[in-house]
Amino acid sequence: MIIDSHTHVDRVGWYDPPETIIRLMDEAGIDKSIIMTYRDAPDSEGALEYIAEAVQKYPDRLIGYARINPRRGEKAHRLFEKAMEEYSFKGLKLHPVGNLCHPANQATIDMIRLAVQYNAPVLFHCGDEELTLPLQIAQTAVACPEATIILGHCGGYFHTKDAIRVAERHPNIVLETSAMPYPQVIKEAVERVGASRVLYASDGPGCDPTIEVHKVRMAGLTVEQQEALFYTNIKRILDSVTPGGGAP
Amino acid sequence: MIVDAHVYLGQCLFGYGQSLAEILANMDRLGIDKAVLVPVKPRDYHLAPANDLVADAVQRHPDRFLGLCRVDPWQGETAVAEVKRGFEELGACGLYLDPWEENFQANDDVVLPVLQKVGRYSKPVVINAGHLRVSHPTQVRDIASRFPAVQFIACNGGQINISGMLQYEARRMLETCPNVVIQTAGTYREDFLEEITTEVGEARVLFASRSPVYDQEFEMARVRFAHLSMSQKEKLWGANALKVFAPE
């Protein structure tokens, strides 16, 4: 069983309708994928609805995360509530390059605290660009110790050491393998942080899920560790989400 | 035939490195027929002995290797003289410029004497491209457009950015400079490689690993699993590299 923890479906930016990721999932032997847009709601109209429609079309294959701009304050909060309660989404995606919010500014923290009310994970784009560096997002993890903060791309090309470092320091940080080009970093992450806090993801369909699965299989992990990365860890995170809110 | 268009030989100042025996063992294990060897920047900073090391490997295994000559443009006349030595005495098949490790901007005036010298030999120039401050695709495009008779090979797909923000500029570089091709190693989003191959030109992409900076086996997956025809893949695997580095 494989769940891909980070993929995209959208019709703006890159044109990637749900059928594209479904086809690549079938090629790679992936059972389910978490999907999100390339753009922020509410800045781009219809973004969350596009994900909701895709999940409705492929309920056994796709799981929605809401990508939202925290700067929109109350409007953003109401949208997230709608995504969780009406659309049955399972998490929040934040891309500071897109929303230009520092990951530890008040607007972002307020947004994350709302996600915590649903026990919903928060997936950050975490690469080499300003506002997305592991040591910047680590400040968020400190401010919101009850949140599950996922570092998408595990620090990108040049910041994987920092990503592992901050995950060692903060137990609420989870690392994610997508697009980062180093199989050996996955091995190092598992050895230093533990297999229970590393997730397989592809960043598909642009990054080919088949290749991203191959990368994890190359990392020299045990069968049990691979099972944790491919399935057990994200299932545990998703199962703990409370769709109606009310988490501690 | 599989040609890895970029394999580093030697122990680098920056911590990575591999021996000739390790390179040969990996090539045999992975079914790689030939490789273009690239000198590293050694711990003593002296590039000439690193060029000698590559030339010696090529001389010992002419059926397996081609070799590049590396210079630091900041060394002025010494660099120009090393270009001459590389091509006339060492038998180098091209020049390697690394703006990232040698800390110069790819289109800076300091590079001009080196490229003017290269222009006299009809040899290609491999450039460590995609680094934001020194070899951004706009900078590579700028220098390539000023030397239209020189063939440039841009590493990293011409773009290192895990948000995909440089893909537009990398494609513009390829579309406006027919004398530029890209390597596959480390490229963000495999669909970018597919797009360039099918929409810009089948001759514009070369398989390369940049091993050991990137994992040679994993980098092969980018071509192996690409959604391209067998004939297109044959060009990426080796035909394009031979055309650039070993023309009839």
Side-chain angles (χ1 to χ4, degrees), chain A residues 6 8 13-16 20-21 23-24 27-28 38 95-98 124-133 151-161 163 176-187 202-220, chain B residues 6 14-16 18 26 29-30 100-101 128-136 155-157 159-168 170-171 183-196 207-228:
Chain A
H6 179 173
H8 293 279
W14 286 286
Y15 179 69
D16 289 321
T20 304
I21 193 65
R23 174 174 56 81
L24 293 174
E27 284 181 16
Y38 293 116
H95 199 314
V97 173
F124 267 98
H125 173 94
C126 175
D128 307 299
E129 307 103 313
E130 192 58 56
L131 303 179
T132 76
L133 303 175
L151 301 188
H153 314 306
C154 197
Y157 287 85
F158 302 107
H159 293 86
T160 57
K161 287 183 180 176
E176 178 258 74
T177 61
S178 70
M180 148 320 265
Y182 315 107
Q184 68 273 22
V185 166
I186 298 171
K187 175 79 168 169
S202 72
D203 195 19
C207 296
D208 189 337
T210 295
I211 294 174
E212 294 293 323
V213 167
H214 183 64
K215 185 172 75 185
V216 174
R217 298 229 189 266
M218 281 183 61
Chain B
H6 197 129
F14 302 108
Y16 63 87
Q18 57 189 347
N26 283 330
R29 177 173 63 87
L30 299 170
W100 177 244
E101 292 188 354
N128 189 0
H131 292 273
L132 189 61
R133 291 171 185 81
V134 292
S135 58
H136 190 278
C155 302
N156 311 305
Q159 40 102 10
I160 305 175
N161 183 292
I162 214 156
S163 292
M165 305 295 272
L166 290 188
Q167 290 186 348
Y168 172 81
R171 178 164 175 156
Q183 296 181 352
T184 57
T187 299
Y188 177 65
R189 290 187 67 134
E190 285 77 29
D191 64 351
F192 179 75
L193 298 173
E194 295 167 0
E195 173 191 312
I196 296 302
F207 162 65
S209 69
R210 289 194 67 223
S211 155
V213 172
Y214 298 127
D215 185 290
Q216 194 171 36
E217 182 178 353
F218 175 61
E219 291 303 324
M220 292 180 78
R222 297 188 199 276
V223 179
R224 179 181 304 145
F225 296 113
H227 299 86
L228 297 171

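Other residues, nucleotides and ligands place no more than 12 heavy atoms under 6.0 Å from the OH atom of Tyr168(B). By the neighbour-count criterion of 12 heavy atoms within 6.0 Å, atom CZ of Arg29(B) is densely surrounded, having more than that number from other residues, nucleotides or ligands.
No salt bridge links Asp215(B) with Lys187(A); every basic N to acidic carboxylate O contact stays at or beyond 4.0 Å.
Heavy atoms closer than 4.5 Å to chain A are found nowhere in Glu195(B), neither backbone nor side chain. Residue Glu219(B) touches chain A through its side chain alone, counting heavy-atom pairs closer than 4.5 Å.
His227(B) places a side-chain heavy atom less than 4.5 Å from the side chain of Asp208(A). Considering only heavy atoms from C-beta on, Trp14(A) comes within 4.5 Å of Arg189(B) through its side chain.
Between His131(B) and Phe158(A), the distance from one ring center to the other falls under 6.0 angstrom.
With rounding to the nearest 0.5 angstrom, the SG atom of Cys207(A) is 7.0 Å from the CD1 atom of Ile162(B). Distance check, rounded to the nearest 0.5 Å: CG of Asp128(A) to CG of Leu132(B) gives 10.0 Å.
Your options are Gln184(A), His214(A), Glu129(A), Met180(A), and the one with the most heavy-atom pairs under 4.5 Å with chain B is Glu129(A). Between chain B and the options Gly127(A), Pro205(A), Pro183(A), Gly156(A), heavy-atom pairs under 4.5 Å are most frequent for Pro183(A).
Under the ring-ring contact (aromatic ring centres under 6.0 Å, His included) criterion, Phe218(B) pairs with no residue, sequence neighbours left out. Partners of Arg217(A) under the side chain to side chain donor-acceptor pair (under 3.5 Å) rule, at least two apart in sequence or in another chain, are Gln226(A).
Across all their heavy atoms, Gly186(B) and Tyr157(A) have their closest contact at O-OH, 2.5 Å.
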